Amino acid sequence: MDEQQNIAKQYDPSQVEDRLYSKWMEEGYFHAVPDSKKKPYTIVIPPPNITGQLHMGHALDNTLQDILIRTKRMQGYSALWLPGTDHASIATEAKLVDALAKEGITKDMLGREKFLEKAWEWRKIYGGRIVEQLKKLGSSCDWERERFTMDEGLSKAVQEVFLKLYDKGLIYKGERITNWCPKCNTSISDIEVEFEEQAGHFWYIKYPVKDSDEFVVIATTRPETLLGDTAVAVNPEDERFIHLVGKTLILPLVNKEIPVIADSYVDKEFGTGCVKITPAHDPNDYEVGLRHNLPQIRIMDDKAIMNDNAGQYKGLDRYEARKKILEDLEKLGLLVKIEDHTHNVGTCQRCRTVIEPLISKQWYVRMKPLAEPALEVVRNGTIKFVPERFSKIYFNWMENIQDWCISRQLWWGHRIPAYYCLECGHIMVQASDPDVCPKCGSTRIEQDPDTLDTWFSSALWPFSTLGWPEKTEDLEYFYPTDVLVTGYDIIFFWVARMIFSGMEHMKEAPFKTVFIHGIVKDPQGRKMSKSLGNGIDPLEVIAQYGTDALRFALTIGNSPGNDMRFSTEKVESSRNFANKVWNASRFVLMNFDENIDFSKVDKSKFTVADRWIISRINTVTKEVTENIDKFELGLGLQKVYDFIWEEFCDWYIEMVKPRLYDRESTGRLEVQYVLNFVLGNAMKLLHPYMPFITEEIYNHLINDGRSIMISQWPQYSEELNFADDESKMKIIMDAIRNIRNIRAEMNVPPAKRAKMIFVTSGENEKATLTEGATFIQRLAGASEIVVQADKEGIPADAVGTVIAGVEIFIPLDELIDIEKEIERLNKEKINLEGELKRVDGKLNNEGFVAKAPPKVIEEEKAKRDKYQDMHQKVVERLESLKK
RNA sequence: GGGAGCUUAGCUCAGCUGGGAGAGCGUCUGCCUUACAAGCAGAGGGUCGUAGGUUCGAGCCCUACAGUUCCCACCA
């Protein structure tokens, strides 16, 4: 076949990938519809941010999802992989603000409406970018169903949920201390605060006692908050200070009177035992303040600039204020000492700015009632984490859950459906803009300016994307989804919230399995990050090595939940495998005749090798299918890899070459059939992992002409299990390996062909060796093969070896180095003695014989017999050489 | 302070329910053998972190310890 003869020696993914992806799209293979004849299988994508760029984490996450969905599609499910993107309110808004700043424009200059117009423009430009990048990965998403968290339907779902939870009293507005990011200018939830160890100081400051010479010393890491102090607390059982409780202190610099209070929150052992209490700027102090009815004095504005309450420090940034305050305290002789102190500082996940806890009015979700069903559904196994250990992390978090702050002082996002009467302050939470206040009749009504936490909408993703709150056919058919694939870093942000949302609004868990993967790290084991600049761009890897190689590298040798290092060496070896597959296929295709008619195949012409490889792919099919079912994707891939490279390429193809090179040979058609069958099935098993190359090859093989994507997943069949042929092949392969070993060790030139004599008394061995003679000739470089029952006619200086039940001799024309041969045989002898010692150790152990399963004992006995026989023959051989 | 993971060949990692230690890369030797030098054949290399325990039998189960990474908590 001329066309096939011309296939390039090296696989070029760039010639294949885009072409095939377009074809799949055109054919609509990714599209899934409710089909009563099929079972549904659903995965919803973790929606990437619209401003995002594909990174290795995405590449891994989506490769794993694609492997699962492609497998299930081939297995006959109506397999839906539902894609989409997330508006990522805080991230997008921050980027847009930065971009505008470069043009000298601020949010306020634009106004809300204009700003949102800009944001939607951005979404148009960048939202599509990540989608195109996912396509480069080969993701078989149903793009006809692509969703966006701010789509009309999804926004409807968000509103519906907000109203529902508000009506149930599960959403409330409250004034309390929250995490505030002065840079992003918004409140954030607890999990968006990342603690970072920083080197800081402990400043010891004197607070004089009123009308006394006495004073207390407090230790603080944040002296600027002194301005907002409304008490100093001591432990009620601290005898050192108990006499001061109830007395009044003079707050330095401010010269205000504050009380000394007793609260068990104070640790006697830590610091000085006296704690300044700043209810408006510290979460713990806030709690203490509530217990003791202390005033809350905010001393900073939303940008962490000191406000009116800071008196002379007004207008200073919090760190400038700190410096100034310390100077002033120093002057007054109130700064006692300074110690170095490393402590954890809360920073904004988004921008790394140090969080300023502030008192403000925010919307919260009451979590306790929602957490209970979400815990139960994991406890009772309705939802399983893979690996299982992550359920513990989930429990730990969910059991100690705090109310969720959901309002954000941002513009880009779902606006909170709450309206305020400007006359009487009445709050209306409803779907549409009210005309008049039902309480006072005023028409002066304003909507809450805040938007919702991005995760509020992603929490609804598994059902909002399927049409909820409408009762759609899709929702009915595809919900609940089957697997959620994600990294362990977003279990709290997303997984947990989807679970309680699913339970609350659908009364059903949103998925059955949470398949957790680790983080992709750089070759030195560091997390890939922008600031380190150590990220490896998956798109560059694809451009250089191909998508299949990237996917292979991300999957091979990786086990669920574990982090992995990514290196170009790994991609190179992955690329090499793709090339190997390519060339094996090239070989197969080059050796097909025109107008092959497999209906003429005569199975009686199958050789031991044919049945062996069929039996092997049959077993591998079973194993790989099981591995994928158990989410052991790396193990499954390893098995396909080993099968293709070692068994199919290194053994089977090498063994069938003589039958293919001779166009008149009997069984030529049968070989072609077996090659086509085995390679075809191997490509199917490999397809979920390496979709492009497998499709390209499958298209050239002889089959029903359908795309491999929608072909049927191979089935294990008992009829294709040929145990006899597998054991025969073991003899043949052992013989070949041993002979190759001798030849290498005895420095026999590779090109030199030699006569080989096999001595065996076993009928089975004899028949097998005769049957496999051509294979041995070719693969072990034999010129002639003789199988005989005794050592008749074997020259004394022949080199030799032994496998189970068979002695092998190679008479060489030249004189051999007897010493070297003795040395080599001695090595064999020592090896066998080691094996015998181990087996005997077991069989001579009474406990083993009494308690081990009979099958294990039988196996050990068989091994002992085999090794004893081999050992005896090696010893005899050594003795005859020493003469 | 609490919790989890990891520790296996020079490097990076697999090892499913306990039954003779594996892969890739690297190293050494020999090969351009008409699918593939991004390849073929062969070799070397591990007391599976340490110490106990359970078991006929432990890389795998239990306990303690050491090193390491991460998560949660956040004592000013």
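Quantities reported herein were computed from a predicted structural model and do not represent experimental measurements. Lettering follows sequence order; numbering is per chain, from 1.
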Check the phosphate of [N] against [X], side-chain N and O only, distance under 4.0 Å to OP1 or OP2. Yes or no?
X	N	result
Trp645(A)	C40(B)	yes
Lys657(A)	A35(B)	yes
Asn844(A)	C56(B)	no
Ser567(A)	U12(B)	no
Lys630(A)	U17(B)	no
Arg743(A)	A41(B)	no
Arg838(A)	G20(B)	no
Asn576(A)	G39(B)	yes
His341(A)	A76(B)	yes
Lys9(A)	C36(B)	yes

Handout entry: Length of the line joining Arg389(A):CZ and A4(B):P, which is rounded to integer Å
Key = 11 Å
Handout entry: Separation of atom OH in Tyr11(A) from atom P in G39(B), rounded to whole Å
Key = 17 Å
Can you figure out which of [options] approaches the side chain of [X] most closely?
X	options	result
Asp267(A)	C75(B), G44(B), C56(B)	C75(B)
Glu654(A)	C36(B), C74(B), G19(B)	C36(B)
Arg565(A)	C13(B), G19(B), C40(B)	C13(B)
Lys851(A)	C56(B), A76(B), C25(B)	C56(B)
Glu632(A)	C36(B), G24(B), C16(B)	C16(B)
Phe202(A)	A73(B), G20(B), A76(B)	A76(B)
Gln638(A)	C36(B), A23(B), G30(B)	A23(B)
Ala852(A)	G44(B), A76(B), G19(B)	G19(B)

What does [X] touch in the nucleic acid at a heavy-atom separation under 4.0 angstrom: a base, only the sugar-phosphate, or nothing?
X	answer
Asn284(A)	sugar-phosphate
Asn741(A)	sugar-phosphate
Val266(A)	base
Ile653(A)	base
Asp650(A)	sugar-phosphate
Ala584(A)	base
Gln10(A)	base
Cys649(A)	base
Phe390(A)	nothing
Arg222(A)	nothing
Tyr661(A)	sugar-phosphate
His281(A)	nothing
Glu269(A)	nothing
Phe577(A)	nothing

Handout entry: Trp651(A) side chain near Met733(A) side chain, heavy-atom distance below 4.5 Å
Key = yes
Practice task
Once you apply the 3.5 Å cut-off to both distances, tell me the Watson-Crick or G-U wobble partner of A23(B), or none.
Solution key: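 Across any shown strand, A23(B) pairs with U12(B).
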Practice task
Would you mind pulling out the nucleotide paired to G18(B), Watson-Crick or G-U wobble, both distances under 3.5 Å?
Solution key: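 Paired with G18(B), as far as the under-3.5 Å criterion goes, is no nucleotide at all.
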Handout entry: Stepwise side chain to side chain contact (heavy atoms under 4.5 Å, CB included) check, Tyr11(A) with Val16(A)
Key = CA-CA 9 Å; Tyr11(A) 174 60; Val16(A) 173; 3.8 Å; yes
Practice task
Could you tell me whether the side chain of Arg778(A) and the main chain of Glu654(A) form a donor-acceptor pair under 3.5 Å?
Solution key: yes
Practice task
Would you confirm whether the ring centroid of Phe552(A) sits within less than 6.0 angstrom of the ring centroid of Tyr641(A)?
Solution key: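 Between Phe552(A) and Tyr641(A), which both carry aromatic rings, the centre distance is below 6.0 Å.
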